[in-house]
Amino acid sequence: GRSDHAVSAEHDVESAGRNTTMSDDESTIFCQECQVELFDNTNDPFKCTFMGQEASYCCNCFLESGGVGPRTCNQCKKRAKPAVYRNPPGHWTVFISHVQGEARNEAQTLFYELGGPPACWLDVKMGDKSVDAMMEGVTGSSNFLLILTPGYFDRAFCVKELQRAERGRKNIVICHTPSTKPMLSTLFQQAHRMGFSGIGKEESVELVLNDPEFTALVTAKLKRKFK
């Protein structure tokens, strides 16, 4: 379970902080909901307090969190607004990240095997397929299923999805198509060079989906890795 989040918050906060120099060290704070970078305490109009405790939420996410803390922000005094989702229900069990030209069939098979709507987020099954909707899907999912194929780390959108998942501390589960197996070591090295140091530490599940019995075994194995 997770609190609702404001899908418009990232744009509001980024716009407000566009001219502010951001720190790249470990002191950088991210909103726990939308993962936008927050400023440090001396410059930050978005880091709010509630219930007598400090919380790393931007104002928009805090206000629209649906019952977490008071209905007005202690910092900026803005009033609460209802959350609006680009794709309902706004929360999913798993976000499926893949390169369509390389793993379209596997992604669609897993979409249905893992529960279909409303449990899974898959771009071709969503009404809103925009980048903002994609980011909402990653943020609103408990698990991030990465279907590894040769071109995954060369696709800007896939990299953006994975960056959001890592920043949001999502449970990242790796799987791969059978034809990708000989390239796994090379792809893991590519991921590490790009800063994804955790990729490859856990076993990648091979997607043998050409038989109902094998498909059931693969699906069960993936589900055991979910949180």
Side-chain angles (χ1 to χ4, degrees), residues 1-2 30 35 87 89-126 129 131 133-227:
R2 59 182 297 282
F30 300 97
Q35 304 310 316
N87 289 300
H91 52 85
W92 299 268
T93 301
V94 57
F95 180 98
I96 301 175
S97 179
H98 72 297
V99 176
Q100 288 193 20
E102 298 178 338
R104 179 185 295 106
N105 292 336
E106 289 84 354
Q108 295 206 38
T109 296
L110 290 176
F111 175 79
Y112 290 109
E113 292 294 328
L114 294 171
C120 302
W121 199 104
L122 179 64
D123 52 5
V124 297
K125 301 298 182 181
M126 298 294 114
K129 303 175 179 65
V131 175
M134 176 177 72
M135 293 295 100
E136 175 187 81
V138 177
T139 300
S141 297
S142 302
N143 302 281
F144 183 89
L145 181 61
L146 189 165
I147 303 180
L148 192 55
T149 52
Y152 185 89
F153 293 109
D154 298 323
R155 299 299 195 277
F157 286 136
C158 291
V159 171
K160 189 177 181 68
E161 291 169 355
L162 182 56
Q163 287 173 332
R164 174 58 66 93
E166 284 208 336
R167 186 173 286 181
R169 298 181 176 86
K170 300 299 178 180
N171 178 44
I172 298 174
V173 177
I174 310 293
C175 58
H176 62 273
T177 59
S179 61
T180 305
K181 187 174 182 179
M183 299 181 63
L184 284 180
S185 179
T186 300
L187 290 170
F188 291 155
Q189 291 174 13
Q190 183 181 5
H192 298 165
R193 289 194 299 271
M194 297 175 70
F196 300 117
S197 59
I199 301 299
K201 289 185 177 180
E202 299 290 336
E203 175 193 8
S204 177
V205 178
E206 186 168 349
L207 299 179
V208 182
L209 305 174
N210 56 358
D211 175 270
E213 185 175 348
F214 290 152
T215 299
L217 290 173
V218 168
T219 302
K221 193 168 187 178
L222 291 174
K223 285 183 174 180
R224 285 196 295 271
K225 291 177 174 289
F226 290 172
K227 293 181 179 178

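The figures here come from the full heavy-atom set of this structure, side chains too, leaving out hydrogens, waters and symmetry mates.
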**OP:** In sequence, state the C-alpha distance, the side-chain angles, and the governing distance for L162 and Y152, and then conclude on side chain to side chain contact (heavy atoms under 4.5 Å, CB included).
**Re:** CA-CA 10 Å; L162 182 56; Y152 185 89; 4.1 Å; yes
**OP:** Applying side chain to side chain contact (heavy atoms under 4.5 Å, CB included), run through L145 and L114 and close with a yes or a no.
**Re:** CA-CA 11 Å; L145 181 61; L114 294 171; 3.9 Å; yes
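Annotation: side chain of F95 is in contact with side chain of M134 (closest heavy-atom distance under 4.5 Å). By the 4.5 Å heavy-atom criterion applied to side chains, V131 and K160 are counted as neighbours. No side-chain heavy atom of V94 sits under 4.5 Å from any side-chain heavy atom of V173. Looking only at side-chain heavy atoms (C-beta outward), T180 and P150 come within less than 4.5 Å of each other. Contact of the S142 side chain with the F226 side chain is not registered, since no non-hydrogen atoms from C-beta on lie closer than 4.5 Å.
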Identify every side-chain donor-acceptor pair in residues 187-201 under 3.5 Å, counting partners at least two apart or on other chains, and give the distances.
from, atom 1, to, atom 2, distance (Å)
Q190, NE2, D154, OD1, 3.1
H192, ND1, F188, O, 3.4
H192, NE2, I199, O, 2.7

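Within 6.0 Å of CZ in F214 there are 12 or fewer heavy atoms belonging to other residues, nucleotides or ligands. A 6.0 Å sphere centred on NZ of K129 holds more than 12 heavy atoms belonging to other residues, nucleotides or ligands.
Between W92 and W121, the ring planes lie perpendicular to each other; the angle is over 60°, past the 30° to 60° tilted range.
In this structure, CD in Q108 is found 6.5 Å from CG in L122, a value given to the nearest 0.5 Å. A distance of 8.5 Å separates OG of S204 from CG of L146, quoted to the nearest 0.5 Å. To the nearest 0.5 angstrom, L207 atom CG is 10.5 Å from T149 atom OG1. To the nearest 0.5 Å, atoms CD1 (I174) and CD (E203) are separated by 11.5 Å. Atoms CD and CG, on E102 and L148 in that order, are 9.5 Å from each other to the nearest 0.5 Å.
For E106 (side chain) and I147 (main-chain N/O), no donor-acceptor pair under 3.5 Å exists by modelled atom type. In this structure, N171 contributes its side chain and K225 its backbone to a donor-acceptor pair below 3.5 Å. Put simply, the side chain of K227 never gets that close to the backbone of N143: no donor and acceptor are under 3.5 Å apart. Put simply, the side chain of E136 gets close to the backbone of N87: a donor and an acceptor are under 3.5 Å apart. Judged by distance alone, the side chain of K170 and the main-chain N or O of S141 form a donor-acceptor pair under 3.5 Å.
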